[in-house]
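For reference, the structure discussed in these notes is given below.
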Amino acid sequence: MSGDSFSLNQNLWDADPELYDLIQKEKRRQHTGLEMIASENFTSLPVLQCLSSCLHNKYSEGLPGQRYYGGNEFIDEIELLCQRRALEAYNLDPAEWGVNVQPYSGSPANLAVYTAIVEPHGRIMGLDLPDGGHLTHGFMTATKKISATSIFFESMPYKVDPTTGLIDYDKLAETAKLFKPKVIVAGISCYSRCLDYKRFRQIADDNGAYLFSDMAHISGLVAAGVIPSPFEYSDVVSTTTHKTLRGPRAGIIFFRKGVRSVNKNGEKIYYDLESKINQAVFPGLQGGPHNNAIAGIATAMKQAKLPEFRKYQEQVVANARKLCAELMNRGYNIATGGTDVHLVLVDLRSVGITGARAEYILEEISIACNKNTVPGDKSALNPSGIRLGTPALTTRGLKEADMVKVVDFIHRGLQLAKEVTKTSGPKLVDFKRVLKEDATFATKVKSLRAEVEAFADTFTLPGYSDY
Ligand code: DSN
């Protein structure tokens with residue numbers, strides 16, 4: 001039945017102009033804006049081609065060679081290629097490490113790890129969300145268990161030192177001794193320093209815990225070798241594949257194989273992670289894998305071995321350092337006093353504007369970032385900082401000199417927010433209203449936005465040219 005009045009082979013722009021128009025608008029927004037959300041990036045044309053390929057059509061529950069459906073001859077080859085390349089990207093020996101490339105994204109990957117290695121209500125320690133951890137590392141508030149990790153498991157956070165902003169490893173060691181977690185999570189969503197994996201390993205060993213590293217934010221930097229790798233010290237490593245790694249929106253889990261330890265009698269204790277993790281992903285939590293995304297991961301992992309990829313990651317860090325230095329030159333306080341990675345956490349308490357206002361005004365001038373808690377913040381609902389990242393801008397070709405310009409735009413936006421606050425008073429709703437209704441402020445915003453957009457428009461975006 002291919003002769004329907006709606007042809008299955010029409011282009012999107014003919015088949016659904018209304019939707020196509022919205023996609024075009026989003027494309028234009030991406031082109032004319034400065035994308036500084038630290039977890040975002042612009043993936044490559046080959047990855048987008050994988051995502052929109054025929055692989056999308058196929059069901060393949062199970063693993064290569066052991067599927068619940070027929071017709072998986074080539075899907076098996078693609079998944080095996082993806083697994084091989086994922087191990088190669090991180091220089092891992094297949095005798096010591098295995099990988100599952102089926103998780104739909106980072107949160108499902110992390111839940112699969114806990115499901116595999118922690119019994120229901122077993123204990124987990126992760127960096128607290130307001131201190132820079134991720135929801136899936138066990139977030140809960142005093143009154144509510146927020147993340148499934150805290151609903152199905154018992155979660156005890158560790159924290160940063162509120163004065164330095166650095167992870168308080170001594171306190172973690174002390175708490176772990178009392179809490180006796182089954183898993184310690186070494187991972188961040190907003191922390192601008194390299195993690196001390198050796199120290200984490202020591203603390204895990206002292207308590208018989210697994211060390212699980214969630215390298216989602218930094219996996220591109222790790223693959224390029226520009227920051228320390230978690231693999232030497234970890235039992236399990238998860239990552240998303242779309243952040244610094246610049247692949248498709250998906251997740252993967254690496255797990256150790258072989259000897260875990262040798263007991264007092266000299267007997268070898270072996271890891272049993274492979275079947276536990278594979279089963280937790282499917283059939284435990286997921287159905288059929290997204291084969292188009294798996295192909296996208298495979299091609300992104302190939303890119304990750306190229307010299308250009310290393311140069312890109314070096315530039316991501318160089319840009320973040322320059323961004324940080326320029327902000328400090330302008331008098332801004334930076335949590336932890338700097339950055340080793342792709343992100344910068346700006347503490348706005350001394351500026352006198354909240355994270356929400358900063359995020360709002362920057363969005364108004366076409367700079368995308370997110371409000372974020374900073375060390376010492378009392379409420380996660382009213383954070384005092386913003387998180388800025390360089391992966392997406394670096395993909396578009398911005399270099400250190402461009403960061404000077406970017407900081408100038410940010411600074412002018414934040415200065416304007418200060419001015420508006422004087423008129424609007426403390427409520428965000430009044431701030432937004434004044435910004436819109438006051439003709440002088442509205443004109444200033446419009447003119448600054450035009451400058452930002454003209455600047456951003458000079459840099460290209462990878463991807464399809466027509467949508
Ligand atoms: N949403 C991502 C981030 O912004 O850090 C993490 O999942």
Side-chain angles (χ1 to χ4, degrees), residues 30 33-43 103-114 124 126-140 146-150 155 157 160 165 167 185-195 212-222 227 230 237-253 285 290 293 297 300 316-317 320 323 335-336 339-346 355-356 358-359 362-363 367-375 377 380-381 383 385-395:
Q30 292 186 10
L34 293 175
E35 181 49 73
M36 300 193 75
I37 292 176
S39 47
E40 291 192 16
N41 212 331
F42 299 108
T43 199
Y104 298 145
S105 200
S107 297
N110 288 354
L111 190 57
V113 172
Y114 303 132
I124 290 166
L127 181 60
D128 211 2
L129 182 92
D131 293 47
H134 187 250
L135 275 169
T136 58
H137 301 164
F139 185 54
M140 57 186 194
I146 309 283
S147 158
T149 312
S150 62
S155 155
V160 297
I167 290 175
V185 187
I188 59 97
S189 192
C190 185
Y191 185 72
S192 60
R193 296 299 185 176
C194 293
L195 297 183
F212 163 36
S213 298
D214 174 352
M215 63 168 185
H217 262 265
I218 53 165
S219 55
L221 304 174
V222 172
I227 61 166
V237 177
S238 73
T239 185
T240 48
T241 52
H242 49 271
K243 298 188 175 87
T244 47
L245 194 58
R246 208 167 53 183
R249 199 159 277 274
I252 56 179
I253 304 168
L285 293 164
H290 296 174
I297 300 172
V316 167
V317 176
L323 175 73
T336 80
T339 184
D340 301 326
V341 290
H342 61 298
L343 67 84
V344 173
L345 178 57
V346 190
E359 179 192 288
L362 293 179
E363 180 159 13
I367 299 176
C369 72
N370 64 283
K371 58 182 172 295
N372 219 99
T373 46
V374 294
D377 256 347
L381 296 176
I386 48 170
R387 183 184 70 164
L388 300 169
T390 54
L393 292 187
T394 308
T395 291

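Hydrogens, waters and symmetry mates are skipped; everything else that's a heavy atom, side chains included, is used. One is the number of the first residue; the rest follow in order along the sequence. Remember, it's 1-based here, ligands and their atoms both numbered in the order they're listed.
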- Task: Show the protein residues that qualify under the rule heavy atom under 4.0 Å from an atom of ligand 1, listing them in chain and number order.
- Result: Ser39, His134, Ser189, His217, Lys243, Arg387
- Query: Nearest heavy-atom pair of Arg193 and Asp340: which atoms, and what distance?
  - Reply: NH1-OD1, 2.9 Å
- Query: Can you tell if the side chain of Ile188 reaches within under 4.5 Å of the side chain of His217, non-hydrogen atoms only?
  - Reply: yes
- Taking the side chain from Thr241 and the backbone from Pro248, do they hold a donor-acceptor pair closer than 3.5 Å? yes
- Task: Could you pull out all residues at least two apart from Arg249 that satisfy side chain to side chain donor-acceptor pair (under 3.5 Å)?
- Result: none
- Query: Aromatic rings Tyr104 and His290: how do their planes relate, parallel, tilted or perpendicular, breaks at 30° and 60°?
  - Reply: parallel
- Task: Taking atom types as modelled, find out whether Asp214 and His137 have a side-chain donor-acceptor pair closer than 3.5 angstrom.
- Result: yes
